[in-house]
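Notes follow the structure.
Note: hydrogens, waters and symmetry copies are ignored here, and every other heavy atom, side chains too, is used. Order of listing sets the numbers, starting from 1, for every ligand and every atom in it.
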Amino acid sequence: MSAGGQPPDPRSISKAEKTGTTPAETEMTRPDAQPTASHFIDGAYVEDTGGDAIPVIYPATGETVATVHAATPAVVERALASAVRAQVEWAAMAPVARGRILRRAADLIRARNRELSVLETLDTGKPLQETLVADAMSGADALEYFGGLAADVTGATMQFGGDWAYTIRKPLGVCVGIGAWNYPTQIACWKAAPALATGNAMVFKPSETTPLCALKVAEILHEAGLPAGLFNVVQGRGPVGAALTTDARVAKVSLTGSVPTGRKVAAAAAGAMKHVTMELGGKSPILIFEDADMDDAVSGAINGNFYSSGQVCSNGTRVFVHESIAADFLARLTERVATATLGDPLDEAVNFGPMTTEAQLDIVLGHIARARAEGATVAAGGSRLDRPGFWIGPTILTDLTDDMACVREEIFGPVMSVLTFRDEAEALARANATDFGLSAGVFTRDLARAHRIAAALEAGTIWINQYNLTPAGMPFGGSKASGIGRENARMAMDHFTEAQTIYVGMGPVDSAY
Ligand SMILES: NC(=O)c1ccc[n+]([C@@H]2O[C@H](COP(=O)([O-])OP(=O)(O)OC[C@H]3O[C@@H](n4cnc5c(N)ncnc54)[C@H](O)[C@@H]3O)[C@@H](O)[C@H]2O)c1
Ligand SMILES: CCCCC=O
């Protein structure tokens, strides 16, 4: 497919720059991001500077805005011990009372959305325009949803003609949550809400890259009335996550992260038969048929590739477009992508931010260099932007084949691969030809085709004529290498409980002798 010309550098149309926002002005609006202390344990902030210092870098400028310390073994011990103690009473509490606390936390989050969104922006670099609607608000939705469901955890009865049995769903005990860096508030809430609603305690380790927001979630949960010890936050890198995963007191590990980390964590948990939820990476397809609403398809591809600067697990980074509309699609796509507004993410006019880390930016640039070397055309973006921080514009690759690395591997950045197809069977086969299976999208006006394709796609979540929307009442998670289990919806309650079966004998007991 031909590139159709290089669009203007998105920096040249930054509204922030047009409106004359200066670094000095945005500096003035930036709050102090330094938390009271690194960890939140047993209802209070805890510091132990014996752990490695972890700088928190504002990705838009590269400045260090806070420093936390990795948990020492003593900190990990305090977190686990308080969770074990607190969980017993919490599990015995009336579920409706547990739910009330979570719903109160949801209200507090909504009331403080702006403050939390600014912190999320400082933590991740994602535009405030996004964080105001997608992060703390999504966390509040999960707390409200699971708070409402807490009193509705039910078992089943089975009749055997006299004798009968019933099941009750019991909490697992102490659960560990481990987060990725792209949605720190949302990930903390999506894990904490179903775990707490069902009577568990959680020790949460945020990503070392974005350690700030989970501390605020802990603070708010406790302000809402959560007893001390039930949601503890400890900081650290992989070894802290590994120490939590392998501790004998931990019944379950819920990880959001990459497939390689998922394999390690699942293997470590399997050694002690712990429950796991694995929310991992993907290389998801979006199939755009010739009868699709073109504007919606372009919007879906933009949302599914460039929101959060492409750092979204479920992104549809392999965009398969029917060959008869491919030229029109690419022309409209490049035209719209050229209007992205880059600038200080704290400026609400900005809708495209930097990569969250320089290391991730380097990974993205490496993928683009390899794609060029393999013969791809860069139809938009493609290079590091000459400004402080970790910037690359929305990037579109064309002239691709399915065996190129950029089409096969998760890039986790703003890089869309546009491919063409001739017929449905071919599109489906190519969409499924991956070890990943997180998500997929279909754009068509043909309802029968939409549902036929959705059923045949090997992915945990499929969007028809939409992309990347994840309401709390909808299960979300991956197939194949992209994960085990589901977050959100009633299914998440099942994943944080286990069934106990009680058989009831109603007559005499027969025995052989
Ligand atoms: N499916 C989803 O819901 C979802 C959501 C967001 C991100 N992701 C995926 O996350 C990845 C990006 O995030 P990342 O770079 O932070 O992932 P990562 O795998 O590098 O790290 C994830 C978390 O695991 C921890 N960790 C690393 N090694 C560990 C070990 N041995 N034991 C326990 N914990 C360990 C890290 O400290 C971090 O907190 C991408 O692949 C993305 O697709 C998935
Ligand atoms: C669509 C939001 C899911 C979070 C993954 O990165």
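For ligand 2, the atoms closer than 4.0 angstrom to any heavy atom of Q186 are 4 (C). Ligand 2 places these atoms under 4.0 Å from at least one heavy atom of T470: 1 (C). Atoms of ligand 2 found under 4.0 Å from any heavy atom of C313, numbered from 1 in the order shown, are 3 (C), 4 (C), 5 (C), 6 (O). Listed by number with element, the atoms of ligand 2 under 4.0 Å from a non-hydrogen atom of S314 are 1 (C). Interface of L438 with ligand 1, defined as ligand atoms under 4.0 Å from a residue heavy atom, comprises 1 (N). Which parts of ligand 2 touch N468 is read off a 4.0 Å heavy-atom cut-off, strictly below it: atoms 1 (C). Under a 4.0 Å criterion applied to the non-hydrogen atoms of T261, ligand 1 contributes the atoms 18 (P), 19 (O), 20 (O), 24 (O), 26 (N), 27 (C), 28 (N), 29 (C), 35 (C). Residue-ligand proximity, G281 to ligand 1, at heavy-atom distances under 4.0 Å covers atoms 41 (O), 43 (O).
For atom 25 (C) of ligand 1, the closest heavy atom belonging to the protein is I178 CG2, 3.7 Å. Among protein heavy atoms, atom 30 (C) of ligand 1 sits closest to G238 O, 3.7 Å. Ranking the protein heavy atoms by distance from atom 31 (N) of ligand 1 puts K264 CD, 4.0 Å first. Remark: minimum distance from atom 2 (C) of ligand 1 to any protein heavy atom is reached at C313 SG, 3.2 Å.
Among T185, N113, T210, the one residue that satisfies the side-chain hydrogen bond (donor to acceptor under 3.5 Å, both in side chains) test with E120 is T185. Under the side chain to side chain contact (heavy atoms under 4.5 Å, CB included) rule, S254 has a single partner from M278, H275, E487, E279, which is E487.
We find the CG-CZ distance between L119 and R112 to be 12.5 Å, quoted to the nearest 0.5 Å.
Using a 4.0 Å cut-off between heavy atoms, F476 contacts ligand 1 through its side chain alone, with no backbone atom that close. Of the heavy atoms in V240, none comes closer than 4.0 Å to ligand 1. Under 4.0 angstrom from ligand 1, the non-hydrogen atoms of N182 all belong to its side chain.
Checking only distances, L280 does come within under 3.5 Å of ligand 1, N or O to N or O. Considering both main-chain and side-chain atoms, K205 comes within under 3.5 Å of ligand 1 through a nitrogen or oxygen pair. Checking only distances, W181 does come within under 3.5 Å of ligand 1, N or O to N or O. At a 3.5 angstrom cut-off on N or O pairs, E410 counts as close to ligand 1. Between E208 and ligand 1, at least one pair of N/O atoms sits closer than 3.5 Å. Remark: ligand 2 and N182 share an N or O pair separated by less than 3.5 Å (distance only, no angle test). For ligand 1, none of its N or O atoms has an N or O atom of A180 under 3.5 Å away. Checked by distance only, ligand 2 and V312 stay at 3.5 Å or farther apart across all their nitrogen or oxygen atoms. Taking distance alone, with nitrogen or oxygen atoms compared against 3.5 Å, S258 approaches ligand 1 more closely than that limit.
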Side chains of residues 176-184: which donor-acceptor partners sit under 3.5 Å, not counting sequence neighbours?
from: N182; atom 1: ND2; to: Q311; atom 2: O; distance (Å): 3.0
from: Y183; atom 1: OH; to: S308; atom 2: OG; distance (Å): 2.8

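Considering only non-hydrogen atoms, atom 5 (C) of ligand 1 lies nearest to T256 out of T356, T256, T210. Looking at G257, G241, G179, it is G179 that brings a heavy atom closest to atom 38 (C) of ligand 1. Among R237, Q186, M278, E279, the residue whose heavy atom sits closest to atom 3 (O) of ligand 1 is E279.
The two atoms that bring A266 and V276 nearest to each other are CA-CG1, 4.5 Å, heavy atoms only. In terms of heavy atoms, I462 sits closest to V442 at CG2-CG2, 4.3 Å. Shortest non-hydrogen contact noted between G125 and P354 is O-CD, 3.1 Å. Closest heavy-atom contact between F496 and K191: CZ-O, 3.9 Å. G353 approaches S309 most closely through the heavy-atom pair O-OG, 2.5 Å.
Contact check on R110 versus D141 returns a salt bridge, with a Lys/Arg side-chain nitrogen under 4.0 Å from an Asp/Glu carboxylate oxygen. Looking at R85 and D42, a side-chain N of the basic residue comes within less than 4.0 Å of a carboxylate O on the acidic one, giving a salt bridge. The pair E498-K252 fails the salt-bridge criterion, with no side-chain N (NZ, NE, NH1 or NH2) lying under 4.0 Å from an Asp/Glu carboxylate O.
In summary, the side chains of W463 and S314 do not present any donor paired with an acceptor at a separation below 3.5 Å, with no hydrogens or angles considered. With 3.5 Å as the limit, one finds no donor-acceptor pair spanning the side chains of T245 and K264. Of the N and O atoms on the side chains of E47 and S38, at least one donor lies less than 3.5 Å from an acceptor on the other residue.
Remark: distances from the non-hydrogen atoms of L244 to ligand 1 are all 4.0 Å or more. Taking 4.0 Å as the cut-off, S207 counts as a neighbour of ligand 1 on heavy-atom distance. Distances shorter than 4.0 angstrom occur between a heavy atom of F412 and an atom of ligand 1. Using a non-hydrogen distance threshold of 4.0 Å, Q311 does not register as a contact of ligand 2.
Using cut-offs of 30° and 60° on the angle between ring planes, the pair F306 and F352 is perpendicular.
Using a 4.5 Å heavy-atom cutoff, the side chains of V233 and P206 are in contact.
Between H222 and F40, the ring center distance clears the sub-6.0 Å criterion.
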